[in-house]
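Computed from heavy atoms alone, side chains included, the values below leave out hydrogens, waters and symmetry copies.
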There are 2 protein chains.
Amino acid sequence: MQNSKNHLKTVPKSVIKRLALYARTLHRMELNGIMRVSSKTLAERLGITPAQVRKDLAHFGQFGVPGFGYRPGELREKLRKILGTDRMIRVAIVGAGNLGKALLSYVGFRAQGFKFVAAFDSDQRKIGHIINNIKIQNIDNLEKIILGKKVDIAILAVPASKAQEVTDRLIKCNINAILNFVPLRLIVSDNVKVHYVDLAIELESLSFYLR
Amino acid sequence: MQNSKNHLKTVPKSVIKRLALYARTLHRMELNGIMRVSSKTLAERLGITPAQVRKDLAHFGQFGVPGFGYRPGELREKLRKILGTDRMIRVAIVGAGNLGKALLSYVGFRAQGFKFVAAFDSDQRKIGHIINNIKIQNIDNLEKIILGKKVDIAILAVPASKAQEVTDRLIKCNINAILNFVPLRLIVSDNVKVHYVDLAIELESLSFYLR
DNA sequence: TAGATTGTTAATCGATTAACAATC
DNA sequence: TAGATTGTTAATCGATTAACAATC
């Protein structure tokens with residue numbers, strides 16, 4: 001019950017996201033030389049309850065010392081192992097429009113241990129350009145290049161009309177994790193994990209709260 | 001109980017997001033000439049249950065015809081009224097780095113009835129540039145310009161070190177809806193609504209699912 | 001009318017919070 | 001040891017799903 005792999009089905013996505021938030025916060029504490037943190041302190045920083053912090057961690061084992069709390073560096077290391085971010089994660093991006101290009105040079109990704117290893121587009125005017133040291137390649141060569149580069153995660157930022165077709169091709173290349181920016185539900189088999197980032201929906205739902 | 005304004009506190013954010021998804025799906029159906037849709041069909045398109053569709057709508061009133069279903073155009077109009085997207089929403093963006101610039105030209109926003117009316121940066125090399133017809137202005141003039149432009153929503157895409165300060169200034173200009181791309185919890189009063197889009201966390205939590 | 005599908009209530013499921021014995 | 005905080009169980013809360021009478 002210690003190993004994350006047993007939990008693929010049972011641990012809710014919301015818990016996983018919070019684990020990543022804990023890891024980030026712990027990192028900042030580490031950089032500030034903090035040697036000790038309680039679930040109470042960590043929770044305060046994130047606007048949640050201490051019980052939730054402890055409950056989330058309990059999915060994966062015991063990481064604290066009763067009466068003391070947690071050691072930031074230690075806990076962060078364990079969270080990174082659980083999340084699988086204790087190694088470099090190799091990312092390919094499909095679609096080098098404005099959004100794709102911005103993601104390609106997003107410094108937040110590099111800081112967190114992600115590395116772009118390939119970028120694709122179908123537009124001749126974009127192919128060959130180099131952004132953040134990555135050459136934009138012809139999407140016709142997707143399969144050949146992806147299979148050679150050991151890609152872990154694909155980011156999808158293509159026009160909606162191409163999204164499903166590109167997804168199918170990615171999956172044939174054994175990609176089973178996709179971060180999808182296309183406002184469309186992708187049809188994939190159960191072993192493929194898709195996270196949706198829907199920028200328009202975020203804005204639209206905000207407008208509900210305008211006084 | 002019909003008016004969305006009464007529900008600001010009681011309707012969960014997840015419901016509001018689904019309403020926006022319903023509106024989008026209904027729009028596509030409309031464009032395809034579909035004159036009638038059941039909660040079952042709508043739910044299938046979105047991968048949820050028909051009961052959830054009906055329950056979500058029930059927060060705001062009765063929109064369907066028993067034995068018949070819903071008229072896409074009609075329901076979409078009502079959802080847009082509830083969401084407040086039946087008018088042009090005016091958006092300002094603070095931070096014109098790669099991400100900011102990409103958002104500024106993101107066509108998905110225009111399609112949904114959002115309009116950028118101002119963009120800001122502190123970098124002299126960016127100030128004065130025009131992107132998507134919007135001139136990037138000196139952030140020193142934030143207050144003056146925002147107050148003149150009736151901004152509804154601000155998008156935050158500045159470096160983490162500036163995020164809280166910029167937020168405080170936006171709120172002083174009566175902005176009470178912020179779409180925040182900075183990986184940091186913003187401190188705001190209760191009447192201000194912040195939606196977080198945390199790109200690094202999305203990627204990190206995906207890596208958990210890598211087989 | 002018969003069939004279909006709504007709106008709504010009740011049942012279920014899951015996630016969050018509270019409480020506390022264990023323990024450093 | 002006394003105080004603090006964990007890990008975990010039980011209680012609460014909220015959201016999702018099922019069921020069905022109402023009704024077009």
Determine all donor-acceptor pairs shorter than 3.5 Å in which one atom belongs to a side chain in residues 69-77 of chain B; sequence neighbours excluded.
{"unit_1": "B:R76", "atom_1": "NH1", "unit_2": "B:H27", "atom_2": "ND1", "d": "3.1"}

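- Qualifying side chain to side chain contact (heavy atoms under 4.5 Å, CB included) partners for A:I171, counting only residues two or more places apart in sequence or in other chains: A:T167, A:V188, A:V192.
- Here B:K17 pairs with A:E202 in a salt bridge; the nearest charged N to carboxylate O distance falls below 4.0 Å.
- We find that B:D198 and B:R185 are not joined by a salt bridge, their nearest charged nitrogen and carboxylate oxygen being 4.0 Å or further apart.
- Judged by a 6.0 Å distance limit and a 45° cone about the ring axis, B:R36 is positioned over the six-membered ring of B:F68.
- In this structure, A:Q52 atom CD and C:dA15 atom C1' are separated by 8 Å, rounded to whole Å.
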Contact letters for nucleotides 1-13 of chain D, in which S counts primed atoms plus P, OP1 and OP2 and B counts the base, heavy atoms under 4.0 Å: ---BBBBSB----

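- Under the salt bridge (charged side-chain N to carboxylate O under 4.0 Å, His left out) criterion, the residue pairs touching residues 150-161 of chain B are B:R87-B:D152, with sequence neighbours excluded.
- For the residue pair B:R54/B:S39, the side-chain donor-acceptor check at 3.5 Å is satisfied.
- Ionic pairing of A:E143 and A:R169 is present here: one or more N-O contacts between side-chain nitrogen and carboxylate oxygen are shorter than 4.0 angstrom.
- If you check residues 15-26 of chain A against DNA chain C, the residues with a heavy atom closer than 4.0 Å are A:R18, listed by number.
- Summarising the geometry, the separation between CG on B:D56 and P on D:dG14 is reported as 17 Å, rounded to the nearest angstrom.
- Two residues are said to be in side-chain contact when any heavy atoms from C-beta on lie closer than 4.5 Å; B:M29 and B:T25 meet this criterion.
- With respect to the salt-bridge test (charged N to carboxylate O, under 4.0 angstrom), the residues A:R18 and A:D56 qualify.
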Applying the Watson-Crick and G-U criteria (both distances under 3.5 angstrom) with [ ] for crossing and | for other-strand pairs, one obtains for DNA chain D ..||||||||||||||||||||||

